**Student:** 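Once you've had a glance at the structure underneath, I'll fire off some questions.
In what follows, residues are counted from 1 in the order of the sequence shown. All values below were derived from every heavy atom in this structure, side-chain atoms included, with hydrogens, water molecules and symmetry-related copies excluded. Note that the structure is predicted; figures quoted are calculated from it, not measured.
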Amino acid sequence: MMLCSDLCLPQSALPRMDPLGSMEQCEDEKARSPNREPTLWQALPVLSEQQSRDMELVLAYAAPILDKRQTSRLLKEVSAVHPLPAQPHLKRVRPSSDASRPHVLEMLLCLAGPAAGARSLAELLPQPAVDPRGLGQPFLVPVPAWPPLTRGQFEEARAHWPTSFHEDKRVTRALAGRLFSAQEQAEMQGHMERAVWVAQQAAIRGLRAVGAVVVDPASGQVLATGHDCSNSASPLLHATMVCIDLVAQGQGQGNYDLRPHPACSFTPVSASQGVQAISVRTLDKDMDTDEDGLPYVCTGYDLYITREPCAMCAMALVHSRVQRVFYGAPSPDGALGTRFRIHAQPDLNHRFQVFHGVLEAQCRQLDPDT
Ligand SMILES: [Zn+2]
């Protein structure tokens, strides 16, 4: 099992304050000005399995280039015979790691099998396609099996063999906690505070303390606010399911009767807003529609939820085509980082971004989604 904390920066890298200290500071801050509490949390991405895994190594054969003048010819001939199509990230030539001969180059020849042993140049390089003149005795070397996707993977990979890296700057910034501006963080905090509030409303009514809010990030408008409404008669009314249904009710659809739960509310999409929203959302090239030709219920929207959604809720978010999910703290059976990463499955037809840690300390006091 991969824990959420394994995916991101070490906990020690995050700014943290002891609870008493932060409480005092918040009280001071409130007393001084009506502004928001200072941000004591950090939204960090929950990456895919591929982005989070440790670099895997495979064995390859390399050989020293004894005559440097032959390098470009050898490069051409060896690459034609062993093109390494699954390892485009591996550079063919590296400066020798032999400190006594610092300027000798080494050339990657081909991958080796799992039970690889010593091989001669004649065994590895068919002649006359390759004239091995200028190469020394082949040796085995571990090389990165797949292209690095994050800067951490790249640093690990290139320690073994020179590796190219097409950095996704957004991922690097996200992992460093620098993706969101102060203004965006203030808005995110406001939405999560609303989710915490509605979770507390649930707790007051004896329901499970999980709260969620759906926001249209284009306008900042809150479209739905809901808490867990499950009971023995309706055990599946988790906060996410409630919120998706509330958004649908705002669009004139929806299935649940949530009138007994006054803290659960939605914003009706007025005709003009609806037309505008749909026309704006049509511009999204990834947008797909259901059988009626309408966008899926949460296309382009953000969900803020106090604790990490379970597998049922995570799949419902896939089906509703949510754009981003922000949760405060993980859940033991969570499906967006803890047990599964349903938001980043290559074989599902919708993927979305997930960030954890928004108001984490407050959310940790609330119930997990199970
Ligand atoms: Zn759930």
**Student:** If Ile, Leu, Val, Met, Phe, Trp and Tyr residues are connected whenever their side-chain heavy atoms lie under 4.5 Å apart, and connections chain through other members, are L59 and L57 in the same group?
**Tutor:**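 In one cluster with L59: L57, no.
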**Student:** Side-chain donor-acceptor pair under 3.5 Å between T338 and E308, yes or no?
**Tutor:** yes
**Student:** Taking the side chain as every heavy atom from C-beta outward, state whether M312 and L236 have any atom pair closer than 4.5 Å.
**Tutor:**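 The answer is yes; the side chains approach within 4.5 Å.
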**Student:** Would you give the length of the straight line joining atom CZ of F355 to atom CD of Q42, rounded to the nearest 0.5 angstrom?
**Tutor:** 12.0 Å
**Student:** Check the pair D168, R170 against salt bridge (charged side-chain N to carboxylate O under 4.0 Å, His left out), reporting the backbone distance first and the verdict last.
**Tutor:** CA-CA 5 Å; D168 184 337; R170 227 174 148 272; over 6 Å; no
**Student:** Please say which of R208, R307, H238 ends up in a side chain to side chain donor-acceptor pair (under 3.5 Å) with D369.
**Tutor:** H238
**Student:** Just by modelled atom types, is the A209 backbone N or O under 3.5 Å from a matching donor or acceptor in the D367 side chain?
**Tutor:**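 At least one qualifying donor-acceptor pair exists.
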**Student:** Give me the atom names and distance for the closest heavy-atom approach of L348 to I342.
**Tutor:**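 Distance-wise, the nearest heavy atoms are CD1-O, 3.8 Å.
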**Student:** Hey, quick one: are V58 and L149 part of the same hydrophobic cluster, counting side-chain heavy atoms closer than 4.5 Å, chains of contacts allowed?
**Tutor:**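 Shared cluster, no.
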**Student:** Please round to the nearest 0.5 Å and tell me the distance separating atom CG of D257 and atom CG of N255.
**Tutor:**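 CG of N255 is found 11.0 Å from CG of D257.
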**Student:** Looking only at heavy atoms, what is the nearest atom pair of Y61 and A112, with distance?
**Tutor:** CE1-CB, 3.4 Å
**Student:** Can E167 and T172 be counted as having a side-chain donor-acceptor contact under 3.5 angstrom?
**Tutor:** yes
**Student:** Would you confirm whether T71, through its side chain, and K68, through its main-chain N or O, come within 3.5 Å as a donor-acceptor pair?
**Tutor:**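 Side chain of T71 to backbone of K68, a donor-acceptor pair under 3.5 Å: yes, one is there.
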**Student:** Give a yes or no answer on whether the side chain of W161 reaches the backbone of K91 with a donor-acceptor pair at less than 3.5 Å.
**Tutor:**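 Looks like yes, one N/O pair under 3.5 Å.
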**Student:** Enter the distance from C243:SG to L223:CG here, rounded to the nearest 0.5 Å.
**Tutor:** 10.0 Å
**Student:** Applying ring-ring contact (aromatic ring centres under 6.0 Å, His included), can you list everything that pairs with F266, at least two apart in sequence or on another chain?
**Tutor:** none
**Student:** Between G300 and Q323, what is the shortest heavy-atom contact and its length?
**Tutor:** CA-OE1, 3.4 Å
**Student:** Could you go through the side chain to side chain contact (heavy atoms under 4.5 Å, CB included) check for L303 and V322 one step at a time?
**Tutor:** CA-CA 7 Å; L303 177 86; V322 77; 4.3 Å; yes
**Student:** So, the side chain of E77 versus the backbone of D131: is there a donor-acceptor pair under 3.5 Å, distance only?
**Tutor:** yes
**Student:** Regarding R53 and the six-membered ring of W146, is the cationic atom NZ or CZ under 6.0 Å from the ring centre and inside 45° of its axis?
**Tutor:**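 Yes.
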**Student:** Using distance alone, with no hydrogens and no angle criterion, decide if D333 and S331 have a side-chain donor and acceptor under 3.5 Å apart.
**Tutor:** no
**Student:** Is there a side-chain contact between C229 and S234 (heavy atoms, below 4.5 Å)?
**Tutor:**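 No, every pair of side-chain atoms sits at 4.5 Å or beyond.
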**Student:** Assess the side chains of Q249 and Q253: does a donor N or O sit below 3.5 Å from an acceptor N or O?
**Tutor:** no
**Student:** Between atom OG1 of T163 and atom CD of E156, what is the distance when rounded to the nearest 0.5 Å?
**Tutor:**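 The OG1 atom of T163 sits 10.5 Å away from the CD atom of E156.
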**Student:** Taking C-beta and beyond as the side chain, do L74 and L135 meet within less than 4.5 Å on heavy atoms?
**Tutor:** yes
**Student:** May I ask you to test the V143-H160 pair for a side-chain heavy-atom distance under 4.5 Å?
**Tutor:**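 Contact flag for V143/H160 side chains = no.
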**Student:** Apply the test side chain to side chain contact (heavy atoms under 4.5 Å, CB included) to residues I305 and V325: give CA-CA distance (whole Å), side-chain angles for both, the deciding distance (0.1 Å), then the verdict.
**Tutor:** CA-CA 8 Å; I305 183 162; V325 171; 4.3 Å; yes
**Student:** Does some side-chain heavy atom of E155 sit less than 4.5 Å from a side-chain heavy atom of R158?
**Tutor:**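 When only atoms from C-beta onward are counted, E155 and R158 do touch, with a gap below 4.5 Å.
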**Student:** Does V141 reach the side chain of E106, with side-chain heavy atoms less than 4.5 Å apart?
**Tutor:**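 No, too far: nothing below the 4.5 Å cut-off.
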**Student:** Applying side chain to side chain contact (heavy atoms under 4.5 Å, CB included), run through L246 and C264 and close with a yes or a no.
**Tutor:** CA-CA 8 Å; L246 287 166; C264 296; 4.0 Å; yes
**Student:** Hydrophobic clusters here meaning ILVMFWY residues chained together by side-chain heavy-atom distances under 4.5 Å, can you tell me if L75 and V130 are in one?
**Tutor:**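 Linked, L75 and V130 end up in one cluster.
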**Student:** State, without any angle test, whether Q189 and Q185 hold a side-chain donor-acceptor pair at a distance under 3.5 Å.
**Tutor:**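 Side chains of Q189 and Q185: no pair found under 3.5 Å.
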**Student:** Going through the checks in order, is the side-chain hydrogen bond (donor to acceptor under 3.5 Å, both in side chains) test met by R341 and S52?
**Tutor:** CA-CA 11 Å; R341 295 171 212 222; S52 324; 2.7 Å; yes
**Student:** Could you see if V247 belongs to whatever hydrophobic cluster contains V318? Use Ile, Leu, Val, Met, Phe, Trp, Tyr and a side-chain cutoff under 4.5 Å.
**Tutor:**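 The answer is yes; both residues are in one hydrophobic cluster.
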**Student:** Under a 3.5 Å distance rule, please check whether T150 uses its side chain to pair with a backbone N or O of Q153 as donor and acceptor.
**Tutor:**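 Such a contact is found between T150 side chain and Q153 backbone.
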**Student:** Quick check on F340: does its CZ atom have over 12 non-hydrogen neighbours (other residues, nucleotides or ligands) under 6.0 Å away?
**Tutor:** no
**Student:** In the structure I gave you, are the side-chain heavy atoms of F165 and P148 within less than 4.5 Å of one another anywhere?
**Tutor:** yes
**Student:** Could you give the distance from CD (Q353) to CG (L179), rounded to the nearest 0.5 Å?
**Tutor:** 7.5 Å
**Student:** Among F326, Y304, Y327, Y301, which residue satisfies the ring pair (Phe, Tyr, Trp, His ring centres under 6.0 Å) criterion with H191?
**Tutor:** Y304
**Student:** Is a donor on one side and an acceptor on the other found under 3.5 Å between the side chain of Q127 and the backbone of A122?
**Tutor:**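 The answer is no, because no donor-acceptor pair under 3.5 Å joins these two groups.
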**Student:** Do you know the tightest heavy-atom contact between P330 and R364?
**Tutor:**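 Answer, listing the atom of P330 first, then R364: CD-NH2, 3.8 Å.
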**Student:** Just jot down the side-chain hydrogen bond (donor to acceptor under 3.5 Å, both in side chains) partners of R205, sequence neighbours excluded, or say none.
**Tutor:**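 For R205 there are no side-chain hydrogen bond (donor to acceptor under 3.5 Å, both in side chains) partners, ignoring immediate neighbours.
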**Student:** Would you say Q365's side chain and Q362's backbone share a donor-acceptor pair under 3.5 angstrom?
**Tutor:**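 A pair under 3.5 Å: no.
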**Student:** With a 3.5 Å distance limit and no angle check, can you tell me whether R92 reaches the backbone of M107 through a side-chain donor-acceptor pair?
**Tutor:** no
**Student:** Let me confirm one number: the CZ-CD distance from F180 to E187, rounded to the nearest 0.5 Å.
**Tutor:**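 Answer rounded to 0.5 Å: 11.5 Å.
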**Student:** Can you see which heavy atom on T267 is nearest to which on V222, and at what distance?
**Tutor:**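 The answer is OG1-O, 2.7 Å.
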**Student:** Got a donor-acceptor contact below 3.5 angstrom from the Q345 side chain to the R351 backbone?
**Tutor:**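 Here the side-chain-to-backbone pair does not exist.
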**Student:** Tell me the closest heavy-atom pair linking V358 and A43, and the distance in Å.
**Tutor:**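 Taking every non-hydrogen atom into account, CG2-CB, 4.0 Å.
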**Student:** If Ile, Leu, Val, Met, Phe, Trp and Tyr residues are connected whenever their side-chain heavy atoms lie under 4.5 Å apart, and connections chain through other members, are L140 and L125 in the same group?
**Tutor:** yes
**Student:** Between L317 and H350, does a side chain to side chain contact (heavy atoms under 4.5 Å, CB included) hold up when you go through it step by step?
**Tutor:** CA-CA 9 Å; L317 290 165; H350 178 67; over 6 Å; no
**Student:** Can you find a heavy atom in the side chain of V210 that is under 4.5 Å from one in the side chain of H227?
**Tutor:**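 Sidechains of H227 and V210: no contact.
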**Student:** Using only atom types and a distance under 3.5 Å, with no angle test, would you say the side chain of D245 pairs donor to acceptor with the backbone of Y256?
**Tutor:**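 Flag set: sc D245 to bb Y256 pair under 3.5 Å.
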